[in-house]
Every structure is written in structure tokens, then in C-alpha cells.
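Okay, structure first, notes after.
If you're wondering where the values come from, they're calculated on a predicted model, not measured in any experiment.
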Amino acid sequence: HGNTAGRYNHMAKREVKIATPGDEQQISDLAAAGLDASQIGRVMGMNITSVRSVLVAQNQRRAQTIQELLHVDFGKPLELSGDDWMVTSDWHVPETDWRLVERMCSIAKRNLIKNLVIGGDFFSQSQFSPFANLVPPVTWAQERDAARELLRHMLDSFEAIYIVMGNHDRRLVKWADATLDEKDVFGMVITSNRVHVNKFAYCTMETSAGKWRVTHPANYRQARGQTPALLADKLRMNVIAGHEHHTAMTYSPSGEYVAISIGGLYDAGKIAYVQLTDQLRPAMTPGFVMLRGGYPYLFGDKLTNWEAWGA
């Protein structure tokens with residue numbers, strides 16, 4: 001009888017032992033070896049509830065670590081608001097139409113438009129093209145310097161410039177295997193806090209007349225206006241799209257949204273593959289858009305009486 005009582009007293013002493021931080025690694029090792037809380041408690045002479053608390057805390061920390069390791073953060077696109085904007089795309093510096101740039105600035109000044117959006121492909125970056133060049137490409141040094149002067153000139157006309165990335169703007173990033181980013185690329189050109197660059201290929205603008213998305217999509221369609229029209233219904237907002245070098249304004253298939261192919265501020269006469277080779281693609285038609293009061297005005301040759309607009 002005395003021996004039995006002694007055994008119970010010994011077990012009781014073992015059961016009241018509480019896990020300390022120094023015990024956690026051993027508990028973890030035993031759990032990894034396949035022991036459950038009861039078995040670990042017996043091995044370590046420890047209160048089972050205490051062991052379970054340690055295991056629960058370890059599992060929670062592990063789950064948190066896994067979530068952190070699985071997390072991918074691309075940041076956020078530009079989310080702008082206001083009714084009055086000049087929206088451009090596809091400057092393809094230095095293959096830029098200076099005459100059209102001046103007209104855009106003139107119309108902005110006459111209409112008191114203070115914000116400029118560049119919807120991708122500000123650069124050409126032919127020196128970093130993944131495709132074989134048909135003629136010796138313009139050097140990055142010349143392109144960089146031309147881009148610097150253009151942006152400085154734009155800051156004389158606009159209070160703020162917002163830039164999203166196009167496929168040409170990403171050529172240097174890809175060439176550097178993403179060791180550079182959009183801030184590095186544009187940081188070589190301009191460091192003004194009035195110029196806002198974003199890695200996304202689109203931005204949104206909330207206006208009193210509805211929401212707009214300015215995008216540089218991956219898709220190309222020969223039918224003018226079709227890409228932004230299809231995107232508008234998919235995204236459920238008005239869309240202004242660059243990339244295709246088309247100029248068109250239409251409605252989305254649902255009729256709910258306005259869709260615009262913006263054309264661009266490029267000069268097709270400076271683009272080698274256009275000038276040196278016959279092709280069946282639609283002719284390039286440069287252009288740009290003004291949002292005034294949230295409503296769009298599309299400008300381009302044969303669309304616009306420049307004299308009437310003072311340009």
C-alpha cells in the first residue's frame with residue numbers, strides 16, 4: 001500500500017510540471033518523431049495541457065511563417081481621381097512626333113489641364129530589344145537624354161505626370177533580368193517628385209462622369225477599337241488603351257462603356273519596321289485623349305480641326 005501511494009505521489013509531481021521556453025525544442029523534436037501530447041507528457045514528466053499549449057503555439061507560428069513565405073506582393077497600381085486629364089501613350093522616344101506633342105500641350109494649356117498620364121511605351125529601348133534590329137538602334141544614351149528633355153518640357157506644361165509601364169519600357173528591366181525596376185529606368189531620366197512611375201501596365205481614374213482605366217494591354221487586334229471595347233466589358237469601366245497604335249472611339253459590346261484606342265505620340269516615319277517592310281496591319285494613326293469633366297475628346301489627324309482647338 002505504501003509503495004502504491006508513493007507511485008501516485010511521484011506521478012502527481014510529474015503531472016504538475018509546466019513547460020518552459022527551454023522545453024519547447026525538445027517538445028518539438030518529440031512531436032516531429034511522431035509522439036502525441038500524452039506521450040510527450042509522459043516522457044518529459046510534464047502536464048499534458050501544458051504540452052498541448054506548446055504544440056498549438058508552435059503550429060500557429062509555423063502557419064504564420066508559411067503564410068509569410070507564400071506571400072507575393074506586386075504593390076498597387078496608380079489609383080487617380082479628378083475630372084481633367086491629358087492621356088497619352090506610345091511616345092516611343094526618340095521616335096516621337098514632336099508636332100503632335102506640341103499640339104497636345106497647347107490644347108492642355110487652353111483647357112487648363114494640369115495632369116498628364118502616359119499610358120506605357122514612353123521609351124522605345126531598341127538597344128535592348130529581344131528582336132533583331134533592322135537598322136542600328138538608337139543608343140540608350142541618346143534615348144535617355146531625349147527622354148529627359150521631353151519630361152522636363154512636360155513639367156513646364158503640367159503640374160503632375162503619371163506613368164505606367166508598357167512592353168517597350170520593360171525591355172531594359174528584362175535585359176537586366178529584373179535586377180532593375182521601373183524606378184531605376186526612369187530615375188536615370190528624371191527625379192522630380194512631380195513624376196510618378198508605377199510598375200503596372202495600367203492605372204485607374206475616378207471622374208464625376210465615371211471610372212476610366214488607362215492601359216497598355218498585352219493584346220493586339222487589327223480591328224480598331226476592339227481590344228479596349230472587350231476589356232471595358234470585362235473590367236466594367238471605360239477603357240483607354242495604347243499599344244496597338246490605332247486611333248478609334250466606340251462603345252463596348254454591352255453598350256455600357258466607352259472604349260478608346262488612343263493611337264500614341266509616336267512618329268511612324270521614324271519606325272524602321274514600318275518604313276522598310278510592306279505589311280497588312282492597319283495603318284498606324286497617332287492620337288491622344290483629353291478627359292474634361294470626365295468626358296473624352298479624341299484627337300488625331302483627320303479627326304481634329306487643330307485650328308479650331310488653337311493647336
For the pair Arg99 and Glu102, find out whether any cationic side-chain nitrogen is under 4.0 Å from an anionic carboxylate oxygen.
no

So, Asn167 versus Arg170: side-chain donor-acceptor pair below 3.5 Å or not?
no

Shortest non-hydrogen contact between Val54 and Glu24, atoms and distance
CG1-CG, 3.9 Å

Could you check whether Arg103 pairs with Asp301 (Lys NZ or Arg NE/NH1/NH2 to Asp/Glu carboxylate O, under 4.0 Å)?
yes

Does any non-hydrogen side-chain atom of Phe200 lie less than 4.5 Å from one of Met165?
no

Is it the case that more than 12 heavy atoms not belonging to Tyr220 sit under 6.0 Å from its OH atom?
yes

Using a strict threshold of under 4.0 Å (side-chain N to carboxylate O), is an ion pair present between Lys183 and Asp181?
no

May I ask you to check whether over 12 heavy atoms, not counting those of Gln222, lie within 6.0 Å of atom CD?
yes

Does the ring center of His216 lie less than 6.0 Å from the ring center of Tyr202?
no

Taking the six-membered ring where the residue is Trp, are the ring centres of His245 and His92 under 6.0 Å apart?
yes

Hydrophobic clusters here meaning ILVMFWY residues chained together by side-chain heavy-atom distances under 4.5 Å, can you tell me if Ile113 and Leu78 are in one?
no

Scanning both residues in full, the closest heavy-atom pair of His168 with Ser124 reads ND1-O, 2.8 Å

Salt-bridge criterion met for Glu143 and Arg148 (N-O under 4.0 Å):
no

Might you point out which heavy atoms bring Leu265 and Met104 nearest each other, and give the distance in Å?
CD1-CE, 4.2 Å

Do Ile161 and Val117 make a side-chain contact, defined as non-hydrogen atoms from C-beta onward lying under 4.5 Å apart?
no

Pairwise side-chain contact, Arg171 with Ser129, heavy-atom cut-off 4.5 Å (strictly under):
yes

Does Met290 belong to the same Ile/Leu/Val/Met/Phe/Trp/Tyr cluster as Leu116, with side-chain heavy atoms less than 4.5 Å apart forming each link?
yes

Report yes if some heavy atom in the side chain of Asn115 is under 4.5 Å from a heavy atom in the side chain of Tyr162; otherwise report no.
yes

Looking only at heavy atoms, which two atoms of Asp84 and Gly293 are closest? And how far apart?
OD1-N, 2.8 Å

Parallel, tilted or perpendicular: which describes the rings of Phe186 and Phe123, with under 30° parallel and over 60° perpendicular?
tilted

4.5 Å side-chain heavy-atom contact, Ser38 and Ile48:
yes

Looking at Trp91 versus Phe288, is the centre-to-centre ring distance below 6.0 Å?
no

Do Leu291 and Phe299 belong to the same hydrophobic cluster, where Ile, Leu, Val, Met, Phe, Trp and Tyr are linked whenever their side-chain heavy atoms lie under 4.5 Å apart, directly or via other members?
no

Close side-chain approach of Cys203 to Pro77, heavy-atom, < 4.5 Å
no

Return yes if some donor-acceptor pair links the side-chain N/O of Asp169 with the main-chain N/O of Asp121 below 3.5 Å, else return no.
yes

Just one of Gln60, Gln67, Glu68 clears the side chain to side chain donor-acceptor pair (under 3.5 Å) bar with Gln64, so which one?
Glu68

Which heavy atom of Phe74 sits nearest to which heavy atom of Lys199, and what is that distance?
O-CD, 3.4 Å

So, for Pro253 and Leu230, which heavy atoms are closest and what is the spacing to 0.1 Å?
CG-CD2, 4.1 Å

Tell me if a side-chain donor or acceptor on Lys211 pairs with a main-chain N or O of Met205 at a distance below 3.5 Å.
no

